[in-house]
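In what follows, every chain begins at residue 1, and chains take the letters A, B, ... in the order their sequences are listed.
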2 protein chains.
Amino acid sequence: MAMQGNVTIKTVAQETGLSLTTVSRVLNGTAEKYRISEATQAAVLAEAKKQGYIPNMAAKTLRLNKSRTIGLIVPTLNNPFFSLVASTVSKLLYAQGYVVLMSDCANDPEEERKLIKTFLTQNIEGILAIPVGGRKNYELLEKGGVPTVFIDRFFEESKIPYVATDHFDSAFKLMEHLVEHGHTLIACIQGDVQTISNQYRVKGYLEALKKHNIGYSYLKGGSFTTDEGYLETKILLKQSQKPTAIMALSDTILLGALKAIREEGMSIPEDISVVSIDNSSYLDFLSVPITSVSHPITEITQLAIKMLLDQMGANQASAPTNIVLEAKLIARKSVQYIP
Amino acid sequence: MAMQGNVTIKTVAQETGLSLTTVSRVLNGTAEKYRISEATQAAVLAEAKKQGYIPNMAAKTLRLNKSRTIGLIVPTLNNPFFSLVASTVSKLLYAQGYVVLMSDCANDPEEERKLIKTFLTQNIEGILAIPVGGRKNYELLEKGGVPTVFIDRFFEESKIPYVATDHFDSAFKLMEHLVEHGHTLIACIQGDVQTISNQYRVKGYLEALKKHNIGYSYLKGGSFTTDEGYLETKILLKQSQKPTAIMALSDTILLGALKAIREEGMSIPEDISVVSIDNSSYLDFLSVPITSVSHPITEITQLAIKMLLDQMGANQASAPTNIVLEAKLIARKSVQYIP
DNA sequence: CTGAAAGCGCTAACAA
DNA sequence: TTGTTAGCGCTTTCAG
């Protein structure tokens, strides 16, 4: 039974003839603690229900300086990998009684910077982020303003802890797989160069080349998008010396590469081998199932959430331990054996 | 230069020797309006910067009863269709100075109900929702508590306005396409039966059957998931009377159907034709490009946002006009002509 | 077992 | 051009 005007503990108090204090206590479940009589409790609850009382979080937040709000920053929600993170974060945190302010910074570091400022405004209790720009954006947070945990990406010298995949190893594993299959002409299409995830993957590529004394190398690209994958692969396949294998550093890039390969009339794996990082669920449904490396993204997210909640609970900033999980190679049908 | 303790307009006022009012006015850009001197303005701004002042939204919200916060409810973020909506909402609303509380209700109506309650607690100014459960969950909002707009799904008798695709027409168009290609044995794998989007699509299926006097009909399934699509297609393909075409009522369902079809050793479109609704970007990269129907989801989202902002602006509840957009058939290679 | 009153940070009458 | 003050809704000492 909603009433006109605003229903507050005050209106409930007036109607029941009780004090604000008592009403507040009953409505917050601290009735037992203060030994409030059953009768009073019942009266408050009944009146609150009758009036359709809804607590005002802004007031609570102002008073308690705790908002039960967590901020999540993702490069974009329009990418299965990130939206899976977002989905997990949302569900798990709501279950813990938190509310999540979520934002898609459109892969724009400037946007990210503004977002953090906005979040700081919102009495947020913690931040989870997949960073997009440089460490500079997170300076304010490093100073301990708000507990923060990075997911899958991070800054090496930063104090902000992270849970991430071993990106170096991801690429390295794929390279070993290719080399074992006799490939030496391996091209790599990378994503956003400023991201640590990309940097480590590239290191894995280069390190494998070095380990096996492979002279050929081809490294191009600059964003984790299908368009970029398409364009770079187009260019790559026009080269006089064609590679025998392509490693796409993400599945978004992969999709573009596949389109380019098809347009050039080439078959996988007969004409060219292809591998990727991410192991998205749709890889199984492509014309040729693609060998990929699976990142335990749900687990990473769960751990990051746990780490954040721990940080928030700790009254003293305990030294956080970064966590790095290993990826798993999923061999499918996209790599040809070259004798 | 962050200070210890909390920086507020009070600390800034003390340090500058000015009043709270003046500081507030300068910091809110109303300095001109009150003809505050350049010198004062500069002093306030400098001190605020020096102290590292960050506005406290909880206090602002409490005082102004406006939070600049919008709530978004999606069935799940782990679905490209919904996460595209989320991405668009996030970007567009942040650009307008809003912050968005986003939540994945895991396709659970009960979860949705709780979420709405939680949102109501958060002094939210408006809600965008892709509803999951029944109309009952939105009762409180219908009463005008908070301006709300539905995206792509809705309730017929509800006062809450919506922007949606013409789901009936989507399915109907696909059916016409199949019938034109000589199909009469057409199976339909549906999604969540309680959603209006599914209901209209099914109506489109049945209506087309009726129009063309087709006796055969096969309607199964109950959720917009790949697993469901897989299982139902598995079962379907074991039937003695096999269909010549399958219509998947979403791309998630489609992916599962494709897997089942491949496992049964059938080829598309030679052994069976397949069409779907959604036209996800990856359809172009599948072994056989799938004929589908494209929903203008970004446009729908944009319109819904506009509608919501209008609603929020209107001091009197102007009668909202629902918007229904038409989908477009994208013919690819997955439908065989049957003479 | 219950209440009075102060105050979280901010804005907007109303005064000057 | 600037300041005083009340109060948004809530919790929490401190006091019965």
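For T22(B), the listed nucleotide lying nearest its side chain is dG3(D); candidates were dG3(C), dG9(D), dG3(D). Closest contact between the side chain of S19(A) and the listed nucleotides dT12(D), dC14(C), dG3(C) involves dG3(C). Among dG9(C), dG3(C), dC10(C), the nucleotide with an atom closest to any side-chain atom of R25(A) is dG3(C). Here the nucleotide nearest the side chain of L18(A), chosen from dT2(D), dG3(C), dC8(D), is dG3(C). For T21(B), whose side chain is taken as the heavy atoms from C-beta onward, the closest listed nucleotide among dA4(C), dC10(C), dA13(C) is dA13(C).
Put simply, CD on Q41(B) is 13 Å from C1' on dT2(D), counting in whole angstrom units. Taking atom NZ of K66(A) as the reference point, atom C1' of dT12(D) lies 15 Å away to the nearest angstrom. Rounded to whole angstrom, the span from the CG atom of L20(B) across to the C1' atom of dC8(C) amounts to 13 Å. As a whole-Å value, the separation of I9(A) CD1 from dT12(D) P is 11 Å. Between the CG atom of L62(B) and the C1' atom of dG7(C) there is a distance of 12 Å, rounded to whole Å. For the pair E32(A) CD and dT2(C) P, the interatomic distance rounds to 12 Å; values are reported in whole Å. Summarising the geometry, the separation between CD1 on I54(B) and P on dC10(C) is reported as 11 Å, rounded to the nearest angstrom. The NZ atom of K10(A) sits 8 Å away from the P atom of dG7(D) (whole-angstrom rounding).
Residue order along DNA chain C, read from the 5' end via each residue's closest nucleotide, puts I36(A) first among I36(A) and L64(B).
Between S37(A) and dT2(C) there is a side-chain N or O to OP1 or OP2 distance below 4.0 Å. At dA13(C), none of the side-chain N or O atoms of Y34(B) fall inside 4.0 Å of OP1 or OP2 (strictly under the cut-off). Look at N6(A) and you'll find a side-chain N or O under 4.0 angstrom from OP1 or OP2 of dG9(D). Put simply, T40(A) has a side-chain N or O that comes within less than 4.0 Å of OP1 or OP2 on dT2(C).
With values rounded to the nearest 0.5 angstrom, L115(A) atom CG is found 11.5 Å from L120(A) atom CG.
Nucleic acid contact class of N65(B) (heavy atoms, under 4.0 Å, all strands): none.
Separation of the Y162(B) and F154(B) ring centroids falls under the 6.0 Å cut-off.
A heavy-atom distance below 4.5 Å is not found between the side chains of F82(B) and L77(B).
For the side-chain contact (heavy atoms from CB on, under 4.5 Å) with E47(A), the lone residue among T16(A), V7(A), T11(A), V26(A) that qualifies is T16(A).
A tilted orientation is assigned to the rings of F155(B) and Y138(B), their planes being inclined by 30° to 60°.
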